[in-house]
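Worksheet: one structure, shown below.
Read the numbers this way: they start at 1 and go in the same order the structure lists the ligands and their atoms.
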Amino acid sequence: MQSRLSYVFAGIGIAVLLTAGCTPPGKPKPEITPAEVTDFSTLFSENCSGCHGVDGKYGAGRPLNDPLYLAVIPKDTLRNVIENGRKGTAMPAWARSQGGPLYPKQITALVDGIEQNWAKPVNLHGVAVPRYSAGNVPGDPAQGKKLFARDCFMCHGKGAPIGSVTDPAVLALASDQYLRTSILFGRPDFGMPSFRNLNLGRALTDQDVTDLVAYLSSMRPPNTKIAKQSEE
Ligand code: HEC
Ligand code: HEC
């Protein structure tokens, strides 16, 4: 049986074809030239919602309409990912300087629009917040394996209805940062909890998250050209 997560990544593949291909039949021609568009909703729905969901949630790709995520990701990192995309994944580069379609003012409109529309104050109840990226801190795959059995297996183990995240085919398409982002912020739209309660109802530490990513990353097929933890 195919897992829900294989569909997630197949869905992203279809979205790539749609965004790379011609305008779907019946879609009216835009009245203003793309370079002039600086309206956030238009930019987001034309370029991003196919993967990240209408209104930034319930898409195949992760929700961006997520106050916890936006409280932790540094604004320049958010801009950087949009400009450059993620090597080896379905996330393309959007900046013209990187071969994408958008001008700097349009990227600015997206970054500002995401923050203005979807960021909200988050009460962390004194929990220590792990960093967005692991940097050069090494992860321990053996420890990550133990944590996976304790904190993830009930939802993502073999045969679980949600889908295995240890499947090499899934890991071949997901960067280390994407795994880290998923563990940190969960999928609020589909019911995966965030780091705040993934440790049997308590919070995962920064090192726990790094170890979990090291474990998942160790099961990626060799020679996959995808960004590793230390490269973010
Ligand atoms: C074809 C599908 C697709 C489209 C279109 C797309 N994305 Fe993505 N995006 C992805 C995938 C897949 C990832 C995760 C990549 C990885 O493995 O790191 C991602 C990652 C991201 C991330 C980083 C998530 C993290 O790990 O913190 C941001 C931010 C983002 N996209 C913003 C956008 C914006 C803004 C647009 C529109 C300009 C856009 N994306 C369009 C597929 C897409
Ligand atoms: C209560 C169930 C639950 C637990 C516990 C859980 N997850 Fe998830 N996870 C989900 C759901 C639901 C999704 C969304 C699947 C989908 O998109 O259809 C998801 C998605 C993911 C994804 C893919 C992200 C995406 O955008 O689809 C990764 C990677 C992931 N989980 C890793 C983990 C890891 C590692 C742990 C343990 C630290 C964990 N999860 C614990 C339910 C859970």
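- Residue-level proximity to ligand 2 for Leu147 is absent, since no heavy atom of it falls below 4.0 angstrom.
- Side-chain contact between Arg150 and Lys146 is absent, with no heavy-atom pair separated by less than 4.5 Å.
- Across all their heavy atoms, Pro130 and Phe195 have their closest contact at CD-CE1, 3.3 Å.
- Among the backbone and side-chain atoms of Met192, an N/O/S atom is found under 2.8 Å from atom 8 (Fe) of ligand 2.
- Listed by atom number, the atoms of ligand 1 under 4.0 Å from Tyr69 heavy atoms are 23 (C), 24 (C), 25 (C), 27 (O), 29 (C).
- Considering Pro92, Gly85, Cys48, Cys51 only, the shortest heavy-atom separation from atom 2 (C) of ligand 1 involves Cys51.
- For the pair Leu173/Thr89, no side-chain contact is recorded, criterion being any heavy-atom separation below 4.5 Å from C-beta on.
- Of the N and O atoms on the side chains of Ser175 and Arg180, not one donor lies less than 3.5 Å from an acceptor on the other residue.
- Remark: ligand 1 atoms within the under-4.0 Å shell around heavy atoms of Tyr178 are 14 (C), 16 (C), 17 (O), 18 (O).
- Atoms of ligand 1 found under 4.0 Å from any heavy atom of Leu110 (numbered from 1 in listed order, with element): 38 (C).
- Those atoms of ligand 1 that come under 4.0 Å of a heavy atom in Ala174, given as number and element, are 17 (O).
- Here Asp176 pairs with Arg220 in a salt bridge; the nearest charged N to carboxylate O distance falls below 4.0 Å.
- Atoms of ligand 2 found under 4.0 Å from any heavy atom of Leu198 (numbered from 1 in listed order, with element): 5 (C), 38 (C), 41 (C).
- Taking distance alone, with nitrogen or oxygen atoms compared against 3.5 Å, Asp151 stays at or beyond that limit from ligand 2.
- For ligand 2, the atoms sitting less than 4.0 Å from at least one non-hydrogen atom of Leu179 are 29 (C), numbered in the order shown with element in parentheses.
- Near Thr89, meaning under 4.0 Å from one of its heavy atoms, ligand 1 places the atoms 15 (C), 16 (C), 17 (O).
- Hydrophobic clustering (side-chain heavy atoms under 4.5 Å, transitive across Ile, Leu, Val, Met, Phe, Trp, Tyr) keeps Tyr103 apart from Phe40.
- At under 3.5 Å, a nitrogen or oxygen of Arg187, whether backbone or side chain, sits near a nitrogen or oxygen of ligand 2.
- Closest non-hydrogen pair, Met91 versus Ile82, comes out as CE-CA, 4.0 Å.
- Under 2.8 Å from atom 8 (Fe) of ligand 2 lies no N/O/S atom of Cys152, from backbone or side chain alike.
- Looking at His52 and atom 8 (Fe) of ligand 1 together, the shortest N, O or S contact belongs to NE2.
- Counting only heavy atoms from C-beta outward, the side chains of Cys152 and Val165 never approach each other to under 4.5 Å.
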Show which side-chain atoms of residues 60-67 pair as donor or acceptor with protein atoms under 3.5 Å away, not counting sequence neighbours.
residue, atom, partner, partner atom, Å
Arg62, NH1, Gly186, O, 3.3
Arg62, NH2, Asp66, OD2, 3.4
Arg62, NH2, Gly186, O, 3.4
Asn65, ND2, Asp55, O, 2.9
Asp66, OD1, Leu68, N, 3.1
Asp66, OD1, Tyr69, N, 3.3

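- Taking any N or O of Arg86, backbone or side chain, at least one lies under 3.5 Å from an N or O belonging to ligand 1.
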task: Quick one: do Val209 and Arg131 satisfy side-chain contact (heavy atoms from CB on, under 4.5 Å)? Show the steps, please.
output: CA-CA 10 Å; Val209 181; Arg131 290 160 308 164; over 6 Å; no
Side-chain donor-acceptor pairs of residues 110-118 under 3.5 Å, sequence neighbours excluded:
residue, atom, partner, partner atom, Å
Asp112, OD1, Lys75, NZ, 3.0
Asn117, ND2, Gly113, O, 2.7

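- Applying the 4.0 Å criterion to heavy atoms of Leu212 picks out, from ligand 2, the atoms 38 (C).
- Contact between Gln177 and Tyr132 at its shortest, heavy atoms only, is NE2-O, 3.0 Å.
- Taking 4.0 Å as the cut-off, Gly61 does not count as a neighbour of ligand 1 on heavy-atom distance.
- Contact atoms of ligand 1 toward Val81: 22 (C), 23 (C), 28 (C) (distance under 4.0 Å to a heavy atom of the residue).
- Annotation: Tyr132 places an N or O atom under 3.5 Å from an N or O atom of ligand 1; distance criterion only.
- Under 4.0 angstrom from ligand 1, there are no non-hydrogen atoms of Leu43.
- Note on Leu179: it clusters hydrophobically with Phe153, by side-chain heavy-atom contacts below 4.5 Å among ILVMFWY residues.
- Under the 4.5 Å side-chain heavy-atom criterion for Ile, Leu, Val, Met, Phe, Trp and Tyr, Leu124 and Leu198 are members of the same hydrophobic cluster.
- Looking at Ser175 next to ligand 1, an N or O pair under 3.5 Å apart turns up.
- By the 3.5 Å distance cut-off applied to N or O atoms, His156 is counted among the residues near ligand 2.
- Against a heavy-atom cut-off of under 4.0 Å, Leu78 is close to the following atoms of ligand 1: 29 (C).
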